[in-house]
Student: 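Dropping a structure here in structure tokens format, bear with me for questions.
Nothing here was measured: the structure is a model prediction, and the numbers come from that model.
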Amino acid sequence: MIRLLALLVLSSFIIAEEEWKPLEHPAFINRQLIGYTEAVYSFNLASEVNARIKSIPLDIGETAKGEQFIHLDDSLALIDVKLAEAQLKQAQSQLQTTKASLSIAQSEAKYRLDEKQRIDTLIKQAVASDEQRDAIVFRSDQARFAVLRQQASVENSAQQVAVAQAQLARAQEIQRRHHIHIPPGWTVSKRYSEANALAQIGAPIVQLQDLRTLIIRFALSEAEVTILRQQKNISVTLNQSGKPIACTIKSISPEFNAQTRKREVILQAPASLFPESSGGISCTLQIAIPDPHQSILIPKSFIVQRFDQNRVQLNDKTWLPIIILRWDQDMAVVQHQQFSAESALIKPQLGTAD
């Protein structure tokens, strides 16, 4: 399209041009490539658990609006959650019991230590016997060891609480996975299963597509890729209506097809620009590439036909016959070999000598 606009501007410019240098105006070939719209992204939504499907809220072609879910039967998962909650409460209760026992043991140990200090004072005063002191020391050691045992019990109970909390979190997560979230704005393009069927881990239930943006794939040569990259404004034309659609380059594959020597180029545009948000809409991409035969352009106004022969007049007033390969609007496409770099044409001056 840019090349076509340039030719139109060029055509208006050369109306007043009295001299034309052919080799400064290479010819181009307009290539028309047909592509079809696709969703920008697509993926299969699968289950992470084995369960019976209760409901699928969307049918083919419907788009998720807000928070919507595919619901699986979570009866067994809810039982596991309740069991985990009960085990957590039991572990927490056990922890409180062991903490209380530890507090009693610590009080007992403090009392025995104070008693040991008192008996030591009495022994110094020769009021108590060594036998009495040995008995008190034994009970004090027993109380200290009881504290250590209760401390270990508290640590074990705390670990049991942590395990129960993890089991509850796991049960709750599994229960949540029975409600499969459908991303807002995505459209169901296929349904692989229905309500009351068994969903299995990894087996797709529906296929979702993001049709808010559409892409079109084309296979381009290296020269076409280079030209496309240089264009500031890229557009495709809807084949049904002729409407132009402004696009941007989404990606250019670094790989090429071994047979065609072409690379995949993906253009993208908002779906709102198309008649509908769907795949399969036929579009044409037009690219003007340099003529592989290095042909040049000569305006029609510089060409005259005489004796069934097309001719142009050089600036030295001599006439040069030319062979026109084809016409591109008001521009003749001719071979470049018959002109030199210095060749310049003038508007034909009829009546001059042949």
Student: Quick one: are Glu67 and Phe69 in side-chain contact, heavy atoms under 4.5 Å?
Tutor: yes
Student: Within the distance-only criterion (no hydrogens, no angle test), does the side chain of Thr237 pair as donor or acceptor with the backbone N or O of Gly242 below 3.5 angstrom?
Tutor: no
Student: Excluding sequence neighbours, so at least two apart, what forms ring-ring contact (aromatic ring centres under 6.0 Å, His included) with Phe43?
Tutor: Trp186
Student: Can you name the side chain to side chain donor-acceptor pair (under 3.5 Å) partners of Ser157, sequence neighbours left out?
Tutor: Thr98
Student: Roughly how far, to the nearest 0.5 Å, is the CD atom of Glu24 from the CG atom of Leu297?
Tutor: 12.5 Å
Student: Under 3.5 Å, side-chain donor or acceptor atoms of residues 248-259 against the rest of the protein: list the pairs with distances, not counting sequence neighbours.
Tutor:
from: Ser253; atom 1: OG; to: Glu255; atom 2: N; distance (Å): 3.1
from: Asn257; atom 1: OD1; to: Gln259; atom 2: N; distance (Å): 2.7
from: Asn257; atom 1: OD1; to: Thr260; atom 2: N; distance (Å): 3.0

Student: Tell me which pairs pass salt bridge (charged side-chain N to carboxylate O under 4.0 Å, His left out) where either residue lies in residues 77-99, with sequence neighbours left out.
Tutor: none
Student: Would the distance check show the side chain of Ser295 and the main-chain N or O of Gln335 forming a donor-acceptor pair, the cut-off being under 3.5 Å?
Tutor: no
Student: Any ion pair linking Arg326 and Asp291 (charged N to carboxylate O, less than 4.0 Å)?
Tutor: yes
Student: Kindly determine whether Asp73 and His178 satisfy side-chain hydrogen bond (donor to acceptor under 3.5 Å, both in side chains), including the steps that lead there.
Tutor: CA-CA 7 Å; Asp73 186 358; His178 284 70; over 6 Å; no
Student: Side chains of Asn50 and Gln200: is there a donor and an acceptor less than 3.5 Å apart?
Tutor: no
Student: Between Glu173 and Arg176, does any NZ, NE, NH1 or NH2 come within less than 4.0 Å of an OD or OE carboxylate oxygen?
Tutor: yes
Student: Report the residues that fulfil ring-ring contact (aromatic ring centres under 6.0 Å, His included) with His293, sequence neighbours left out, ordered by chain and then residue number.
Tutor: none
Student: When you check the side-chain N and O atoms of Thr63 and Thr187, is any donor under 3.5 Å from an acceptor?
Tutor: yes
Student: Scan residues 100-110 for pairs that pass salt bridge (charged side-chain N to carboxylate O under 4.0 Å, His left out), counting only residues two or more places apart or in two chains.
Tutor: Glu108-Arg112, Lys110-Asp114
Student: Can you confirm whether the side chains of Ser189 and Gln207 place a donor and an acceptor under 3.5 Å from each other?
Tutor: yes
